[in-house]
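Residue indices begin at 1 and follow the sequence shown. Both counts, for ligands and for their atoms, begin at 1 and track the order of listing. Quantities reported herein were computed from a predicted structural model and do not represent experimental measurements.
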Amino acid sequence: VTPPSPAASPAPRVGGLPSYRPGRSAADALADHGVADAIKLASNELPWGPVPSVVEVLRRQAAEVNRYPDHLAKRLRARLASELGVQPSQVATGAGAVGLLNQLALAYVAPGDEVVRGEPSFEAYPIFTRLAGGTDVAVANEHHRLDTAAMAAAVSPRTKLVLVANPNNPTGTAVTLDAILELASFLPPGALLVVDEAYREFVTDPAAGSALALAREHPNVVVLRTFSKAHGLAALRVGYAVAHCSVVETLDKVLIPFSVGALGQEAALASLDAGGEVAGRVAVAVDERRRMAAAVAEAGWDIPDAQANFIWLPAGEGAALLGRHLERAGVVARTFEGAGVRVTVGTADQNDRFLGALPPPGPTSWPLRKPGVGKRAVASPAGDHLGAQRP
Ligand SMILES: Cc1ncc(COP(=O)(O)O)c(C=O)c1O
């Protein structure tokens, strides 16, 4: 078939967009480095499958996927509302927290509007901003923590969304509820403060309160949560927002029909039923996070406080080299070039493997052993084709 000529051209706001790049897989490590038994600690997933009762519900539900699901996931909204102490009209559901972020940008950001966020923060944020024709306003973090005062200073009359990932991805740090309250006071009329609590269940710092109470009371605050992380349901794409009922109504206008499938709805409900088991798994992940952080500090790394299910190695210019070093040892983490490497908490065995592969800090001194080649070579950033590595 001859392709149409000239090829169809996307709208300008789409043409220049970077594509979202998911974490590398164990298969990537095999293809690039010949490592056959690599482990993936790159996407902040839970290392265990869903709890057995959820798997059972999924089995049963599989026989009914000839039917469309409930577009608005009303049973799930009602259940979440009663657990969170809000009205069902204050809960929106979407295809993961990213689905809701996309809906927020589509619904609230017009060309020329601004969206304020931290840097680095969740990589999907600027994509949705630009897709809506908005301007991405990136505010540098301070000591790996969102600088909410600087974010407040970056708010302008054109600001429509302020995005606070709490804890932040990729740095893992959390900000206080007071800092969020203060930031909310800078919002221009008609703007929304979005507190992305995708990793809320892993937070142990009592100073890092949830913004849920704020979202209940304040019409301009939205809280995002997800079943992808603590509940181990990333493949099913179920996220939700708690917001003022007028915001929920608006989000539903741009909800792609049937975004949350029937399997996702039923699994989410069953996972809420198994709350104790889910909390037990989260507690194990948090214990492992503490163990990893302590061992990493023992190895000489100065890392920021980890409040999610990952740790952040601030390797700076050595990030790509460190990511490659770990991958050659069979540990696929997530590299943010020029900034650091994010390592997801895995099972105890997986975490041991990471800790065994972790070199001391110092970007020019890590020995790189090429697979199949017995001798050690000292890598230099220029000689290792660092620029070619995907995050
Ligand atoms: C801060 C943050 N928000 C949202 C998400 C996406 O969550 P979901 O799987 O619900 O789309 C992630 C996933 O990595 C994240 O890090």
Is it the case that the side chains of Asn168 and Thr173 hold a donor-acceptor pair, with the cut-off being a distance below 3.5 Å and no angle test?
no

In the protein, what heavy atom is nearest to atom 14 (O) of ligand 1, and what distance, to one decimal place, separates them?
Lys229 NZ, 3.0 Å

Would you say Asn169 and ligand 1 have an N/O pair spaced under 3.5 Å apart?
yes

Polar side chain donor-acceptor pair, Gln307 to Asp205, under 3.5 angstrom:
no

Proximal atoms of ligand 1 relative to Ala198 (non-hydrogen, under 4.0 Å)
2 (C), 3 (N), 4 (C)

Among all protein non-hydrogen atoms, which one is nearest to atom 12 (C) of ligand 1, and what is the separation to 0.1 Å?
Phe122 CZ, 3.5 Å

Quick one: which ligand 1 atoms are inside 4.0 Å of a heavy atom on Arg237?
8 (P), 9 (O), 11 (O)

Look at atom 10 (O) of ligand 1 and say which protein heavy atom is nearest, naming residue and atom and giving the distance to 0.1 Å.
Thr226 OG1, 2.5 Å

Parallel, tilted or perpendicular: ring planes of Phe122 versus Tyr125, cut at 30 and 60 degrees:
perpendicular

At the 4.0 Å heavy-atom cut-off, does Asn44 count as touching ligand 1?
no

Would you tell me whether Thr344 and Asn44 have side-chain atoms, one donor and one acceptor, within less than 3.5 Å of each other?
yes

Taking atom CD as the centre, does Gln87 end up with more than 12 heavy-atom neighbours from other residues, nucleotides or ligands that are less than 6.0 angstrom away?
no

Decide whether the shortest distance between a heavy atom of Phe227 and an atom of ligand 1 is less than 4.0 Å.
no

Which protein non-hydrogen atom lies closest to atom 15 (C) of ligand 1, naming both residue and atom, and how far is it?
Tyr199 OH, 3.5 Å

Could you go through Gln350 and Val343, starting from their C-alpha distance and side-chain angles, then the distance that decides it, and tell me whether this counts as side-chain contact (heavy atoms from CB on, under 4.5 Å)?
CA-CA 11 Å; Gln350 291 172 338; Val343 185; over 6 Å; no

Quick check: do Val248 and Val91 have side-chain heavy atoms less than 4.5 Å from each other?
no

Is the closest heavy-atom distance from Gly96 to ligand 1 below 4.0 Å?
yes

Return the residue, atom name and 0.1 Å-rounded distance of the protein heavy atom closest to atom 9 (O) of ligand 1.
Ser228 OG, 2.6 Å

Does any N or O in the side chain of His244 come within less than 3.5 Å of the main-chain N or O of Ser246, such that one atom is a donor and the other an acceptor?
yes

Nearest protein heavy-atom contact for atom 6 (C) of ligand 1: which residue, which atom, what distance?
Val98 CG1, 3.8 Å

Atom 3 (N) of ligand 1 [closest protein heavy-atom partner, distance rounded to 0.1 Å]
Asp196 OD2, 2.6 Å

Atom 7 (O) of ligand 1: nearest protein contact (heavy atom, Å)
Ala97 CB, 3.8 Å

Is a side-chain donor-acceptor pair under 3.5 Å present for Arg117 with Thr129?
no

